[in-house]
Structure formats: C-alpha cells, structure tokens
Protein chains: 4
Amino acid sequence: MSTRAEQRRPGRPRSEKARTAILEAAADLLLVRPFREVSMDELAERAGVSKATIYRWWPKKESLALDALFREWEVEQSLPDTSSLRGDLLAVLRPWVRRLRTRPYGRVIAALLTEVHADPDFAEEYRTRFVHGRRERGRALINRAIERGELPRSTDVDLALDLLYGSLYHRLLHGHAPISDRFVEKVVDTTLAGLAAEYRKT
Amino acid sequence: MSTRAEQRRPGRPRSEKARTAILEAAADLLLVRPFREVSMDELAERAGVSKATIYRWWPKKESLALDALFREWEVEQSLPDTSSLRGDLLAVLRPWVRRLRTRPYGRVIAALLTEVHADPDFAEEYRTRFVHGRRERGRALINRAIERGELPRSTDVDLALDLLYGSLYHRLLHGHAPISDRFVEKVVDTTLAGLAAEYRKT
Amino acid sequence: MSTRAEQRRPGRPRSEKARTAILEAAADLLLVRPFREVSMDELAERAGVSKATIYRWWPKKESLALDALFREWEVEQSLPDTSSLRGDLLAVLRPWVRRLRTRPYGRVIAALLTEVHADPDFAEEYRTRFVHGRRERGRALINRAIERGELPRSTDVDLALDLLYGSLYHRLLHGHAPISDRFVEKVVDTTLAGLAAEYRKT
Amino acid sequence: MSTRAEQRRPGRPRSEKARTAILEAAADLLLVRPFREVSMDELAERAGVSKATIYRWWPKKESLALDALFREWEVEQSLPDTSSLRGDLLAVLRPWVRRLRTRPYGRVIAALLTEVHADPDFAEEYRTRFVHGRRERGRALINRAIERGELPRSTDVDLALDLLYGSLYHRLLHGHAPISDRFVEKVVDTTLAGLAAEYRKT
DNA sequence: TCGTAACCGAGACGGTACGTCTGGTCTTTTT
DNA sequence: AAAAAGACCAGACGTACCGTCTCGGTTACGA
C-alpha cells in the first residue's frame, strides 16, 4: 500500500520517521480500539503528522490498519520442518494463536473483512497479504506430507486449510470460546484424522 | 431488539405497518449493498418512515440489520431426523448454504461481527440470535448420534461445531472459494471421520 | 385564541382545569425562560396535560404565550382621570412599567414580534390584544386633553403614542438602559412639551 | 464574529471567496424571508459551501444574520454637519429609514432581538454593532448642538436618543404604521421641541 | 339507561432542522 | 518534492422539536 518506486527521485525524500510514526500510531490505536472509534485526525495527531501525509501514502484507514497488522503478524515467513505434518502445522499455528491472544485482533480483522466486501481493490490487497501467502505455505506443508505418505494423494488441500484456519478464525471472530493451545491441537488432530480416514458415505 | 411488553399500554400503539416497512427496507438495502453505503436517511425514506421512528426501536444500523437478517434466516427451527448424523447435519447445513448463495450475506455478517467487537450489548444480542440457537441444535444432533453409537462418548462437541461452521463461515467471510454443496459434504464427511477416528499422535 | 362558541354543545365540555393548568405552566415557563428553550413537551408535562390538548385550543406556542401574557397584563382596562394629561399618562404607564420590571418580559415580546413578522394571522391577533386597545385608550386620553385645551387641535396623536410607547419598548427590547420611573416621567414630560410647543423649522 | 488574527499563519488561509459567498447568501435569504424558515442547509447550498464551514466562523444563524445586516447598514460612519441639529439628525435618520423600506428588516431585527434576550454573548455583540456606534454618533451630534446653544446644558442625551430611535423602531417592529419621511421629520421636530422647552409640571 | 359526541392522557408518528463529526481533498508556507 | 498546518467539501450522524395521529377511556347531554 505504501509502495512507490524506491528510486532516487528529485525533491525531498520521503520521511522515514513519519512513516514509522504513522505505523506505530496505527498499531497503538487501530489494532486496539474499536475501528470506527479511531478517527484519522486522532491518528495523525498521535503520530505527530498531518493527515495529508497519511493520505499521500495510504488510500484509506483500512489500508493503514492492513499495513500495521501485517507488520506485526508476518515476520516469520520460513517453513518449519518437524518431519511430521502435525508438528509442522502446530509450529505454524501455535505461535500465531499465541500472538492472537495478546491483542484484540478479532476487532481489526472483522473491520478489514467488512472492507473486503465493499472494495474489490482492497479485497485483492487483503488476500495477497493475509490469505495467499499463508495458504501457499500450508499447501506446501501438506503436499510434503502427501509425498511422505502421511496423507492420501486424493487429499483436498483447500478443504484441509479451511477446516484448520476456519475453525480458528471462527472463534476469533465470534468470540464464543477461547482459542487455547489445546483447541489448536484438537483442530489439527481431528482434521488430520478426518483427512487420513477412508470415510464411507451412507 | 425491538421487543417490548406487548400488553395494552395507554397511548397510540406501535405501528405494525411501520415496523414491517422498516424491516423490509432494511432487507432490501442493508442485506444487499455494502453496509456503510446505506444511510439511515435513505433507509427511512425507502421505508416511508421518519428517522426518529427507526431510532426509537433500533439503537443503531447494525441492530436493524440483525433483525432483518434474523427474519430471513431463522424461519426453520425444527430438528431434522434422518437417522444418521451425516444426514442430519446436511439437512441443516445444505439449506442454509443455499440461502447464503442467494445474497451477499458475507457483507452483513462481516459488518455485524465488526460491531460485535465494539459493543458488548450488541455482541450479546448477536450471539443469542445467531450463535446459541444454532449451536444448541447442532449439539442436540451430535448428542443423539453419540447415543446411537455413531461417535465416541468422548467427542468434543464444541470442536465439532467449530470445524463445521468455522470452515463455512471462513469461505463466506474471506471469499477465497465458493461454498458449493460438494464443499459442505466434504466438510461434514471429513469432520465426522476425524471425530470418529482414533488418531494417535506421532 | 382559545375562544369558541360558548353555547352548550353536546359532548364532554372543555376542562377548565386543563385550560388553567396550561396557562399557568405557560406563564411559569414561556414568560420566564428564553422562548425557544421551552418545548411543548415540557410545557405539557408541567401542566399535567397532553400535547394534543394544548394544540386543540392554541395553534402554536406563540399563541399560548400571547394568551398567558395577556392574562398577566391586561387586567386593568379602565381609563384614569387625573384632570391632567400628564397625570393620566403616568397613571397608565407607571403601573405597566413597574410590572415590566418584575419579569423578563422583553424576552416574550421579542419572540412574539418575531412571529408577528412571519405569520399575518398571528400579527392580527397580536395587534388586537396588545396594540389596538392600548392605543385606543391613549388616544382617548389625548383627545380629552385636546378638548381641555392642553394640546393644540392639530396634535398628531399617533406620533404622540409612538414617542411614548416607542421609547419604553426601545429600552425593553434593546436592554441598553433600565426603564426607571424617572425615565417614564421624562418621556412623558418631554413628549408633551414637544407636542405643545410651536416649533419652527429652520 | 468572524474575526481572527489576520497575521500570516501556517496552513491553508481562510477562503475569502467562501466568506463572501456565505454573507451574500445570508443577505439574500436571512434578510428577506422569515428567519426560522431559512435552514442552514439551504443557506450552505445557496452559498456553495459546506455547513461545517459556516459553523466554523459563525456560531449560530443569528450571528450570521448580524454580520450580513451589518454589512448592509453600517457603510456610512461619518458624522454629518449641516450646522443645525435638526439637519444633522435628518441627515442620519432619513437615509436609514429609506434603506429600511427596501427590505423587510423588521423581520431580522425582531429575530436578532429575540436572541439578544437568550444569549448574553450575542447581546454584547449586537449592541456593539448596532447600538453603541449609532448612539455615540447621536450623542456627538447632540453635544455639538449643546455647544452651539441649540439645547440646554441639562439635556438628557439618552432620553433624546430613546425618543428618536425608539419611535422609529417601534413602527419597524410592530408594523402598525409606515415609517414615512414625514414621520421622521415629526419625530425629530417634536423631540427637539420637547427637549428645548422649559416644561413646568402641574 | 344508554348512545353519542366531544373531550382528555399517553405516546407513537412523519417531517424537518439542528449542530457535530469524519473521511478525504486542497492550499498555503516551510523544510 | 515532501511535510505541517489547517481550511475546506460532502454528507451521514443521532437528537430534538413540532404538530398530528391513534388509541383507550371519560364526561356530559339528550333520546
């Protein structure tokens, strides 16, 4: 969202200080308080920056939240290799879930998803940042497990990912029950068992 | 949200005509167009009603959408009985999923979930309407299956429900893949297989 | 304003209790607090009466204030006779001015005058109640003085009344100076002197 | 009301174009139609300006009307000098009443006076603009006449001004009779005669 | 005594203006 | 060119008030 040709261009260069201040203010406000209760004016003041500077680099409040969230979440991009799919999945999901418990992330995610349904460009951006990468990594782990013979070749990888992530997001967004480490394990175990089993329909 | 003691009270009674017109306008607008793009003014005009009348009975736009959505969704409340859990679950989930495909419901749901994370009272209302009832019915179906011996007594019912509904909501909200009838079947089959299996950890 | 054929008509007769309660509430509120800050709802509640009952007898808030004010002001309608115009005028103006000082009447008067300029029917009503009668009585006093030879036959009675009442209303409405008894006397004396004198233009 | 330090300050300067457009729209609407029938929305639209811009500079409709009226009235600030008080007063009053007859100014004045009685700050502003200046000028004229020997040293200047302006405002506000040039002359003549005369009380 | 008609209290309603707020843009000076 | 400051536009917000209406119920009179 805040990408531009990074070549040296004439004129005053972009202030890195301002960029950082904005993202930090966004993290402090947008990732914590209910989305709609944070105004751009407050954000700008908190960052010690003018509103115009924010809008020069981010088209809307949601895009800023997206960047701020991405900065917090997607630090670790490497694939784990524990020699079992169960171990790999837990190595990916457990740290994420633990991070989830440190802040009310359900709040931002819900707000971002609302925007996803209103603005196709934003939807594209959101999926690029938070869906595709994660699913590609999950897909790689599962395919590796198939190669190892842990799962049948006929395994529906998308289904697997939706069961795994879907149940976690479900609790995150609806808040009807906590996302404990135990829950993550059960989700992984049950999903893998289901995928592995030869289940005959009635 | 708009319930009050239905006793005969002094004064002009609430206009049933207005109530219906408002809910219908809400269904036409809030359940279709991006939430934030629908103003209360437009809603009031569409319903042929004054804004004050809406605010007298619904505290916010989200509450109104909640009622309108509830009116559309929660018509069928009876438990199916197909003598198998698979059949029962499909009997519940398939009609719901089919209805989901008729309108961009992900839009409203996302907006409602955003509000859930901002207003505890609203969250309570939301869960009462859209979470608890559905989960109770699911719980009943699963417990019946346990009685029949289809699933072990140790089955984690909440886990089951989160796997089932979580994966469906995941696609509804993220929109990365369609919710086909085939997908519903796979979700049900894989979840049931996972629950039934004795899965040994590595 | 609240007049109707006082004949006996079929049906429940008008409640004298309600009428009085309304006028008293109006006097307590409309004649004291800034006009626009008193709502009909508050008025109705204060009078222990429904809004509809007020509107049945008075078409608007201003009409009600008019009646309430009239009830307070126009009790004394008889002509004084002190054998001098000066005495007669002071006998009329002094009590009025003293009453003026007991409450912030400028407030209501200004509000009523505003309505006079917006609603011709109301203007008619206002003048009937507060202008014509008073001017007729003033006219009578002055004509009597002319008969007595205190003033020339050519005296412009309307001019006289505008000088007398105009200067008092001026202070009442603009509030730049108090309306003391001394001021009333000076107004009367100077006006009468001016009317009596043969003033030659340059 | 819309005054601010005119120094060069950082940031976008106030739009002179908007300011003018607002005052002109106010003159066209507020000085012509009944005050309460003109909404701020209509005013803003007429001026091609957002409501917020109006409220940034004028706290209420009345303040705006005050400025608009001032712009129309108080153009001429110089003292006339016709070598007689009568001439001086007519030179001041005649142009003013002629202007009065061009538009329904009684309407605005009544509305402003209503606000004067509701808001002390506004009252202060009103008197500064429309009372003090005019009275100071009148006072100067009269004092000059006293120096010339046209009036006794004991003349009550405030009384004089209240007689002069009071009678004119009286007709303006009550509308019971027109303010003809002839009337102005009579008011001046009679007042001056009254002030000049040695009037003996009975 | 009973019906009819006008009244009353309560309070919901349509309409409309209010003054505020926020998102996002624009204009100026300064860096 | 970029930034800070802050004025600006557009338009939704939720509230408030006005004056009307719709109920259930009351109070008189005349049949």
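Throughout, protein chains are lettered first and strands after them, A, B, ... in sequence-line order, and every chain is numbered starting at 1.
Of all heavy-atom pairs spanning B:Ala27 and B:Ala68, the tightest one is N-CB, 4.0 Å.
If you check every strand for non-hydrogen atoms under 4.0 Å, A:Ala18 touches nothing. D:Lys61 comes within 4.0 angstrom of the backbone, heavy atoms only, and of no base.
Closest to the A:Thr53 side chain, of the nucleotides F:dA3, E:dG15, E:dG23, is F:dA3. Distances were taken from every side-chain heavy atom of B:Trp57 (C-beta onward) to each of E:dA12, F:dT15, F:dG11; the shortest belongs to E:dA12. Closest to the side chain of C:Ser50, from the set E:dG9, F:dC8, F:dT27, is E:dG9. When the nucleotides E:dG24, F:dC8, F:dA5 are ranked by their closest atom to the side chain of A:Lys60, E:dG24 comes out on top.
When atom types are taken as modelled, the side chain of C:Arg46 and the backbone of C:Ala25 share no donor-acceptor pair closer than 3.5 angstrom.
Between D:Gly11 and A:Glu62, the one whose closest nucleotide on DNA chain E sits nearer the 5' end is A:Glu62. For the pair D:Glu16 and A:Ala52, nearest-nucleotide mapping onto DNA chain F gives the more 5' position to A:Ala52.
Evaluation of the salt bridge (charged side-chain N to carboxylate O under 4.0 Å, His left out) rule for A:Glu42 yields A:Arg33 as partners, not counting sequence neighbours. Checked against salt bridge (charged side-chain N to carboxylate O under 4.0 Å, His left out), C:Glu72 has the following partners two or more places apart in sequence or in another chain: C:Arg103. Under the rule for a salt bridge (charged side-chain N to carboxylate O under 4.0 Å, His left out), the partners of A:Glu16 that lie at least two apart in sequence or sit in another chain are A:Arg19. Partners of A:Lys60 according to the side chain to side chain donor-acceptor pair (under 3.5 Å) rule, which considers only residues two or more places apart in sequence or in another chain, are A:Glu115, A:Asp119. In terms of the salt bridge (charged side-chain N to carboxylate O under 4.0 Å, His left out) criterion, B:Arg71 has no residue partners (sequence neighbours excluded).
At whole-Å resolution of the value, CZ in C:Arg56 and P in F:dC21 are 12 Å apart. Rounded to an integer number of Å, the gap from A:Tyr55 OH to F:dC8 P is 19 Å. At whole-Å resolution of the value, CD1 in A:Ile54 and C1' in F:dA4 are 12 Å apart. Atom pair D:Leu64:CG and E:dG19:P shows a separation of 12 Å (rounding to whole Å applied). To the nearest angstrom, P of F:dA2 lies 13 Å from CD1 of A:Ile22.
The base of F:dG14 is paired with the side chain of B:Lys51 by a donor and an acceptor separated by under 3.5 Å. In the interface, the side chain of B:Arg12 is paired with the base of F:dC21 through a donor and an acceptor atom under 3.5 Å apart.
Listed by residue number, A:Val38, A:Ser39, A:Met40 are the residues of residues 26-48 of chain A with a heavy-atom contact under 4.0 Å to DNA chain E.
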